Amino acid sequence: MDNVEEIIVKKNYHELSGDERELIGELAGTEEEFEQMKFLFSQMEMMKDTEVLEPRAEIKRSLDHLFQETHQQKARGGIWLNSVLVALYPVERPAYRRPLLQVAAAVLVILLIVPLFNQRIEPSSPAQLAKNEMKQEADPIMDEKKEETSTVSTEQLNEQQAVAPPVTREPVPHAGFVRDDLSMSSAIDEFVSAESDAAVGAASAFSIVDVAPAVASADFKSDHPDGVFVGDHMLTSMSAADQPELLDLLTATF
Amino acid sequence: MRLIKPSYAEMSDEALMRSMSNGDQRAFDEIYKRYSGPLLGYFMRMLWRDREKAEDFVHDLFAKIIRKPDYFDMERSFKTWIYSVANNMCKNEYKKQEVRKGMSNGLVNHFSLSDTNVNVMGEVQDSFFREAFERGMQSLDEKHKEAFALRHVEGLSIKEISEILDINEGTVKSRIFYATKYLAEELKVFNPVINR
């Protein structure tokens, strides 16, 4: 029906296609009928445009009065209803477009996010360590292997220590002695000559093992782990650069 | 987004009805502004161009809306609903007139009213066509008149009219077709193209 009216209003009779004539045939079979319809529709459009009717103002006033009476209680709070509540919570809009809900959602998001910024970030390594420990506990085979390895390494270390002379315990004589006891001068001279011989001869051949008997014979004893002599006889220390083996022992110790 | 207040002119009829039922006076004002004029025109066409009666009907219709806004089903189209209420009011008036006609020995009161109003109201006197059109409308029987008025005067769709009149769309088309053919024939004397 809409199409028929549209065709009649917009087109002239001679412009109609075969399909259109068939479509409007029932309403306007001939050109005269077509023109009658066209005239009627166009005149009605003009009437709609010109005819603007309004009821009397008394009717509106009467209805306003009736409205006030019907909604008397609500009308008392009308200022709030119209200005604040309707603005913040317009029921005609979908929920996501209501300002009150939007503000509430924003506050909720802020409340959830702010604590995250205040939270102290813990380093990840303790957690990772804990995970490793758990793995170790969970794998007894690995534990046994590790124990064996550690036992072996400890034994090897002990063997090395046994093989190695108690260098740190036995003081190594050095040219820089400070001693009051003049009775030791001969021993010192002997030591100095021995050291100089070793340095000149071959650096590889020189070892503390070679020197130790001489020191022992000189009765140099010290309980200090660094080889410092404290006591009546002598107060001295040896440079580690002169004896690199000491450094190896120190590494094993630590 | 408006934070201060909603724009009533932009709100749908249904949203205005919801606000109005909550006591929002401005929502009622907007609904009245939208529909009072068209409904007055509709009542005038349906009630023999009796403006006074038409205005009374407009008042009664809006009074019903104020007192019983819950009668409107928010799921429905407000436009369809309000015209169906208006149409039912007209039908009731026709029944009343039928009873009066029976009691007044066949005198047709409303035609005399209509003629008087046509003469009294100056708004249609300047147009012979309009007078003839209104006469043609009044001479149509009620079911054709209401279908034609809703379609061509109020501008409703076939589907909306079928909802308002509670008849199927085929029947609506048939009634409009008949009324259009009748009025076109009645008014052809005003057509300068045919009368050349």
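Letters A, B, ... are given to chains in the order of the sequence lines, protein chains preceding strands, and every chain is numbered from 1. Keep in mind it's a predicted model, so treat the numbers as computed, not measured.
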Enquirer: Nearest heavy-atom pair of B:Tyr32 and A:Arg56: which atoms, and what distance?
Expert: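 Shortest heavy-atom contact: OH-O, 4.3 Å.
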Enquirer: Chain A: which of B:Gly37, B:Gly155, B:Ala184 shares the most heavy-atom pairs with it under 4.5 Å?
Expert: B:Ala184
Enquirer: Identify which of B:Ala63, B:Pro38, B:Ala54 forms the greatest number of heavy-atom pairs closer than 4.5 Å to chain A.
Expert: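 The answer is B:Ala63.
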Enquirer: What part of B:Glu185 gets within 4.5 angstrom of chain A, counting heavy atoms only: side chain, backbone, both, or neither?
Expert: both
Enquirer: When rounded to the nearest 0.5 angstrom, what is the spacing between NE2 in A:His71 and CG in B:Asp24?
Expert: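 Result: 9.5 Å between the selected atoms.
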Enquirer: To the nearest 0.5 Å, how far apart are NZ in A:Lys60 and CZ in B:Phe28?
Expert: 5.0 Å
Enquirer: Measure distances from B:Met20 to the heavy atoms of chain A and classify the residue's part below 4.5 Å as side chain, backbone, both or neither.
Expert: both
Enquirer: Would you say that more than 12 heavy atoms from the other residues, nucleotides or ligands in this model lie under 6.0 Å from the CG of B:Asp166, or not?
Expert: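 Atom CG in B:Asp166 is not crowded, with 12 or fewer foreign heavy atoms closer than 6.0 Å.
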Enquirer: In Å and rounded to the nearest 0.5 Å, what is the CG to CD distance from B:Leu183 to A:Gln43?
Expert: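 The CD atom of A:Gln43 is 12.5 Å from CG of B:Leu183, to the nearest 0.5 Å.
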Enquirer: What heavy-atom pair brings A:Glu54 and B:Glu55 nearest, and what distance separates the two atoms?
Expert: O-OE2, 4.2 Å
Enquirer: Could you state the interatomic distance from CG (A:Asp64) to CD1 (B:Ile66), rounded to the nearest 0.5 Å?
Expert: 7.5 Å
Enquirer: Going from CG on A:Leu66 to NE2 on B:His59, what distance comes out if it is rounded to the nearest 0.5 angstrom?
Expert: 6.5 Å
Enquirer: Evaluate the side-chain contact (heavy atoms from CB on, under 4.5 Å) criterion for residues B:Lys181 and A:Gln36: first the C-alpha distance (whole Å), next the side-chain angles of each, then the deciding distance (0.1 Å), finally the verdict.
Expert: CA-CA 9 Å; B:Lys181 286 280 276 185; A:Gln36 283 176 19; over 6 Å; no
Enquirer: To check you understand the geometry: which heavy-atom pair defines the closest contact between B:Val58 and A:Pro55, and what is its length?
Expert: CG1-CG, 4.2 Å
Enquirer: Could you tell me whether A:Glu22 atom CD has more than 12 heavy atoms of other residues or ligands within 6.0 Å of it?
Expert: no
Enquirer: If you take all heavy atoms of B:Thr180 and A:Leu40, which pair is closest and at what distance?
Expert: O-CD2, 3.7 Å
Enquirer: Search all heavy atoms of B:Gln25 against all heavy atoms of A:Phe67 and return the closest pair with its distance.
Expert: OE1-CD2, 3.1 Å
Enquirer: To the closest 0.5 Å, what do you measure between CG (B:Asp60) and CD1 (A:Ile59)?
Expert: 9.5 Å
